[in-house]
Amino acid sequence: MSSSAPKRRLDVRQETPQRTPGKRTAQRRKTRKRSFTPTPAMAGAFILVLAAFGSTLLGNHDGDSLASDKYQTISQSYIGPDDAAANGKVDISRSFDRELTTKQIKVQAQQVLTAQADLKKKVSAQSALLKKNQWVVPVTGYHLTARFGQRSGLWATVHTGLDFAGPSGSTIVSVAAGVVKSTGYEGAYGNRTIITLRDGTDIWYCHQSRIAVKPGQAVGPGDVIGYTGSTGNVTGPHLHLEVHPGGGAAVDPEPVLRQHGVNP
């Protein structure tokens, strides 16, 4: 074959299919319709838009929602004005915190004062009770001479009390609270006063120069009941004190006095 002969070109183009007008446009629309699916972000954006639109509508009616100035007041109670502009984070205001702390301090201070007042009342009441029940020494400026149980020709048997010797006319006081049982002259005991204490114990005060109380009279510890003297069977002015538990036989006054805080 001669190389100069013209080459025959093959037409490889395929026959273009005949297109239907509007078919491709309809196909694209159909594809878009099938592929549209709302995402969560889109749904959220839609809700925000709807909320904004709704609040705008509601805000136009008084009483249906908070006015802007009221909302601002409430908002600033929880968000500091500077902080809100900076980051919008919720934060308890410092002024609110100080106000709460001040109120708490005042309440606590009042509670302390109330507790102190109650304690003072209790202490006062207890002190008054102790004072009513306390014992005291019956005379001052004395020295002890004869004691309980001693024997001598001065007494018919044994000595039944405790003698407080001192100047005549010295004040005699009740050793404890009680009621005057009897007063008067009683032979060897001279002028005698008997006081019955609350527990039924009788206290005898003998050889007085003068008696200052009457039967039935209530006395407290330290109340004046008479004065020392030399009436009855004595060798000198003194107070003869006897203790009779339950109104019975006499016991040694010294340990009884010590038991009640009195050291004669």
Side-chain angles (χ1 to χ4, degrees), residues 123 125-213 215-264:
V123 170
Q126 186 66 18
S127 177
L129 181 61
L130 291 174
K131 186 176 181 179
K132 289 180 179 178
N133 294 326
Q134 72 178 344
W135 284 44
V136 298
V137 67
V139 292
T140 59
Y142 65 90
H143 65 277
L144 297 178
T145 54
R147 285 180 163 81
F148 182 84
Q150 289 181 338
R151 295 180 180 273
S152 171
L154 298 174
W155 311 296
T157 55
V158 296
H159 193 244
T160 54
L162 186 64
D163 287 352
F164 296 80
S168 182
S170 297
T171 301
I172 302 173
V173 300
S174 177
V175 297
V179 177
V180 177
K181 183 177 183 179
S182 66
T183 61
Y185 190 83
E186 189 61 30
Y189 291 103
N191 291 326
R192 182 187 68 176
T193 297
I194 299 177
I195 296 177
T196 302
L197 307 185
R198 293 176 178 177
D199 64 355
T201 299
D202 284 346
I203 307 295
W204 292 14
Y205 304 84
C206 307
H207 307 309
Q208 298 178 68
S209 61
R210 183 163 61 92
I211 297 172
V213 291
Q217 182 178 338
V219 294
D223 289 350
V224 176
I225 62 170
Y227 302 89
T228 59
S230 302
T231 59
N233 186 15
V234 297
T235 58
H238 70 279
L239 166 66
H240 175 82
L241 184 76
E242 292 192 9
V243 176
H244 296 254
V251 298
D252 189 352
E254 193 166 354
V256 176
L257 292 171
R258 293 185 186 280
Q259 182 181 0
H260 291 86
V262 178
N263 298 314

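Hydrogens, waters and symmetry mates are skipped; everything else that's a heavy atom, side chains included, is used.
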Got Ile203 and Val175 here, is their nearest side-chain heavy-atom distance under 4.5 Å? yes

Are Arg258 and Val256 packed together at the side-chain level, in the sense that at least one heavy-atom pair is separated by less than 4.5 angstrom? no

Do we see a donor-acceptor contact under 3.5 Å between the side chains of Ser174 and Asp223? no

CH2/Trp135 to CG/Leu197 distance, rounded to the nearest 0.5 angstrom? 5.5 Å

As a quick check of understanding, evaluate side-chain contact (heavy atoms from CB on, under 4.5 Å) for Val139 and Thr171, giving each step before the final call. CA-CA 6 Å; Val139 292; Thr171 301; over 6 Å; no

Side-chain heavy-atom pair Arg192, Trp204 within 4.5 angstrom cut-off: yes

List the atom of Pro138, the atom of Leu241, and the distance in Å for their closest heavy-atom pair. CG-CD2, 4.3 Å

Determine the minimum heavy-atom distance between Ser230 and Gly236, stating which atoms define it. OG-C, 3.6 Å

Can you find a pair of side-chain heavy atoms, one from Val173 and one from Ile225, that are under 4.5 Å apart? no

What one should report as the nearest heavy-atom pair of Pro221 and Ala177 is CD-N, 3.7 Å

Within a strict 4.5 Å, meaning less than it, do heavy atoms of the Glu254 and Pro264 side chains meet? yes

With rounding to the nearest 0.5 Å, note down the distance linking CZ in Arg198 to OG1 in Thr196. 13.0 Å

Could you check whether any side-chain heavy atom of Val224 comes within less than 4.5 Å of a side-chain heavy atom of Ile172, counting everything from C-beta outward? no

Do Val137 and Tyr142 come close enough that some side-chain heavy atom pair is under 4.5 Å? yes

Considering non-hydrogen atoms only, spot the tightest contact between Pro167 and Gly141 and give its length. CD-O, 3.7 Å

Measure the spacing between NE2 of His159 and CD of Glu242 and express it to the nearest 0.5 Å. 7.5 Å

Kindly indicate, with the supporting measurements, whether the criterion side-chain contact (heavy atoms from CB on, under 4.5 Å) is fulfilled by Val158 and Gln150. CA-CA 6 Å; Val158 296; Gln150 289 181 338; over 6 Å; no

Should Leu162 and Phe148 count as side-chain neighbours, where that means a heavy-atom distance under 4.5 Å? no

Nearest-0.5 Å distance that lies between atom OG in Ser182 and atom CD1 in Ile211: 9.0 Å

Step by step, work out the side-chain contact (heavy atoms from CB on, under 4.5 Å) result for His238 and Phe164. CA-CA 5 Å; His238 70 279; Phe164 296 80; 5.8 Å; no

How many angstroms lie between atom OG1 of Thr228 and atom CG of Leu239, to the nearest 0.5 angstrom? 7.5 Å

Minimum heavy-atom separation for Pro245 to Val243, with atom names? CD-O, 3.6 Å

Name of the residue among Thr193, Asn191, Thr231 meeting side-chain hydrogen bond (donor to acceptor under 3.5 Å, both in side chains) with Gln208: Thr193

